[in-house]
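In what follows, a structure is listed as structure tokens, so that the remarks can point back to it.
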Protein chains: 2
Amino acid sequence: MATKTRTAKAPRIPLSRERVLRAAVAFADQNGIASLSMRKLGEALGVEAMSLYNHVANKDQLLDGMVDLVFSEIELPAGADDWKMAMRKRAQSARQALGHHPWAIALMSTRTSPGPATLRHHDAVIGSLRAAGFSIGLTAHAFSALDSYIYGFALQEATLPLGDTAEETAAVAQMMVERFPREVFPHLYEFTTEHVLKPGYDYGAEFDFGLDLILDGLERVRDSASP
Amino acid sequence: MATKTRTAKAPRIPLSRERVLRAAVAFADQNGIASLSMRKLGEALGVEAMSLYNHVANKDQLLDGMVDLVFSEIELPAGADDWKMAMRKRAQSARQALGHHPWAIALMSTRTSPGPATLRHHDAVIGSLRAAGFSIGLTAHAFSALDSYIYGFALQEATLPLGDTAEETAAVAQMMVERFPREVFPHLYEFTTEHVLKPGYDYGAEFDFGLDLILDGLERVRDSASP
DNA sequence: TCTCATTGACTTACGATGTAAGTATGATAT
DNA sequence: ATATCATACTTACATCGTAAGTCAATGAGA
């Protein structure tokens, strides 16, 4: 009876804010953000719910930290690339990160205090544009347009019911045809049956089209502003 | 002792799905979506929580209905306008509706079954583009680009802490300068202090810039595709 | 080596939440 | 007057976030 309780257990890696946040992200990825509770997160970490409060002030701060962790996954614009390539890469990286964590978009829209990774990301984006000769005003335009597009696209992607496999697509098609009666929504009907549900269609591919539209437009505006 | 209980009360307007949804939207507008509960919504309607379940299947369906109600506020593209004007008007109307109900963006990203008003909106947008000579494929591009931008902008606007009044702005400025140390985030620092926090700046005005970027780009693509 | 402060995990408890199940009431139809 | 039916109310339960208090392990100073 050397020690009293809980002996012979695993040596117990101590918790940390980092570990808590990573576990929360993994949990939300698997089970959805709606079913993330402090108790279940504790369970996933082999710990009681209240222990988590030693590392995050409350659940809201946990959610803040999760969003920031997702932002930290986004590639910063590389100084080596020209601005267009740098923006394209970081946009695609952002889409990828938000695609891996579809719950992040919902969180972003309710949380108003950005974390350090988010701020670093924004700082790098602004720096990249400024270095490419964008005036402050035009940088604001570009930043707003690009980020709106990126987040909005991620939102639509998260919302779209289109599955990955062929069976999923078929099931979705069935549901859509039922919900979009040809007489009531003729254009939507044609659009989905003739295009979106056709075998080769991949909504993700739409991303680059809109992105290039914005990038080309920005380039044109920049060049016409400072000849 | 003619009747037994609850006599002499107001004649009691009966509940309806419509009335429940409208009350829910009003509640969320005033108190935020996070504090909307079935009990509080019932209270706002002078009714017990469980009575609401006679008109909505569960809370999720209530949220679905709320999103659809917001969509019903968005102006449909008018057939009389040329496509660009029609798209501009509906985009501005959408931004306005989402601005009035900032919680809607968060809901949109978690709800995958669009309601009738949402479908009607999409049908009208697709119809407007098709009528303007956009091919189905280009309509998909346009739809994706425009809606991504619109929702993303609304998301950013909902997230941005910038207040409306001068005092609010000052308070935000104070907070930002503290959180954005010049040495750590030099570009962000310059950007906020030199531009965003300057008296005349209004983030909402950025909307039209990006919108026109996309609309002009779409027009160019359409005209070069079918000469 | 012993002592003791500190850290971080555990226990208990409370009010609030979504909603299943059952009950009562008032309006309408016969 | 009676029966039917829609709709509101009551009760109950599992789960939630988290305040407050307890207890054990750790590391420093003597």
Side-chain angles (χ1 to χ4, degrees), chain A residues 1-24 27-28 30-67 103 106-107 110-111, chain B residues 1-25 27-28 30-67 103 106-107 110-111 113:
Chain A
M1 63 183 76
T3 53
K4 293 176 83 165
T5 65
R6 196 177 309 278
T7 25
K9 287 271 184 185
R12 189 164 79 179
I13 304 154
L15 243 44
S16 70
R17 186 182 156 85
E18 168 96 8
R19 223 158 76 80
V20 169
L21 291 180
R22 290 204 182 283
F27 188 98
Q30 281 176 20
N31 309 97
I33 194 74
S35 75
L36 173 68
S37 75
M38 297 304 272
R39 275 170 242 256
K40 290 193 205 151
L41 178 56
E43 199 178 353
L45 283 161
V47 134
E48 294 300 312
M50 291 310 290
S51 300
L52 302 172
Y53 286 90
N54 288 313
H55 302 96
V56 291
N58 50 42
K59 194 180 180 182
D60 263 13
Q61 204 178 89
L62 175 78
L63 299 177
D64 279 340
M66 290 170 71
V67 170
W103 42 265
L107 289 191
T110 52
R111 238 116 282 298
Chain B
M1 61 182 78
T3 54
K4 292 175 83 165
T5 66
R6 195 177 310 278
T7 27
K9 285 271 180 181
R12 186 163 79 178
I13 304 156
L15 244 43
S16 69
R17 185 181 157 85
E18 168 95 9
R19 223 158 75 80
V20 169
L21 291 179
R22 289 204 183 283
V25 166
F27 189 98
Q30 281 177 20
N31 310 96
I33 194 73
S35 75
L36 172 69
S37 74
M38 298 302 273
R39 276 170 241 258
K40 288 192 205 151
L41 178 55
E43 199 178 354
L45 282 160
V47 133
E48 294 299 314
M50 290 311 289
S51 301
L52 303 172
Y53 286 89
N54 288 313
H55 302 97
V56 291
N58 49 43
K59 194 181 179 182
D60 264 12
Q61 204 177 91
L62 175 79
L63 299 178
D64 279 340
M66 291 169 70
V67 170
W103 42 266
L107 288 191
T110 52
R111 243 114 277 299
S113 66

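So that the names make sense, note that chain A is the first sequence line, chain B the second, and so on, each numbered from 1. These values consider heavy atoms only, across backbone and side chains, with no hydrogens, waters or symmetry-generated copies.
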*What's the closest nucleotide to the B/Asn54 side chain, out of C/dA9, D/dT18, D/dT7?*
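So the nucleotide nearest the side chain must be D/dT7.
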
_From C-beta outward on A/Tyr53, which listed nucleotide comes closest to its side chain: D/dG17, D/dC9, C/dC10?_
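Of D/dG17, D/dC9, C/dC10, D/dG17 is nearest to the side chain of A/Tyr53.
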
*Look at A/Glu18 together with A/Arg22 and state whether they make a salt bridge at an N to O cut-off of under 4.0 Å.*
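Counted as a salt bridge, because a side-chain N and a carboxylate O are separated by less than 4.0 Å.
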
What's touching nucleotides 12-16 of chain D from the protein side, N or O pairs under 3.5 Å?
residue, atom, partner, partner atom, Å
D/dC16, OP1, A/Ser37, OG, 3.3

*Respond yes when some side-chain nitrogen or oxygen of A/Ser51 is under 4.0 Å from OP1 or OP2 of C/dC10, and no when none is.*
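So the side-chain polar atoms of A/Ser51 do come within 4.0 Å of the phosphate oxygens OP1 or OP2 of C/dC10, strictly under.
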
*With respect to the phosphate group of D/dA6, does any side-chain polar atom (N or O) of B/His55 fall under 4.0 Å of OP1 or OP2?*
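Indeed not, no polar side-chain atom of B/His55 lies that close.
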
_Test item: B/Arg39 side-chain N/O and B/Met50 main-chain N/O as donor-acceptor pair under 3.5 Å_ =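 Not a single qualifying donor-acceptor pair exists.
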
*Examine distances only and state if a side-chain atom of A/Ser35 and a backbone atom of A/Asn31 form a donor-acceptor pair shorter than 3.5 Å.*
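Yes, the answer is positive, given that a donor and an acceptor are paired below the 3.5 Å cut-off.
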
*Where do B/Gln61 and B/Ala57 come nearest, in terms of heavy atoms and distance?*
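Heavy atoms only, the tightest pair is OE1-N, 3.3 Å.
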
_Minimum heavy-atom distance between A/Trp103 and A/Ile33, given as atom pair plus value_ =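 So the two residues come closest at CB-CB, 3.6 Å.
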
*Take B/Asn58 and A/Ser16, find for each the nucleotide of DNA chain C with the closest heavy atom, and name the residue whose nucleotide sits nearer the 5' end.*
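Result of the comparison: A/Ser16.
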
*Would you say the side chain of B/Leu62 lies within less than 4.5 Å of the side chain of B/His55, judging by non-hydrogen atoms?*
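The answer is no; the side chains never approach within 4.5 Å.
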
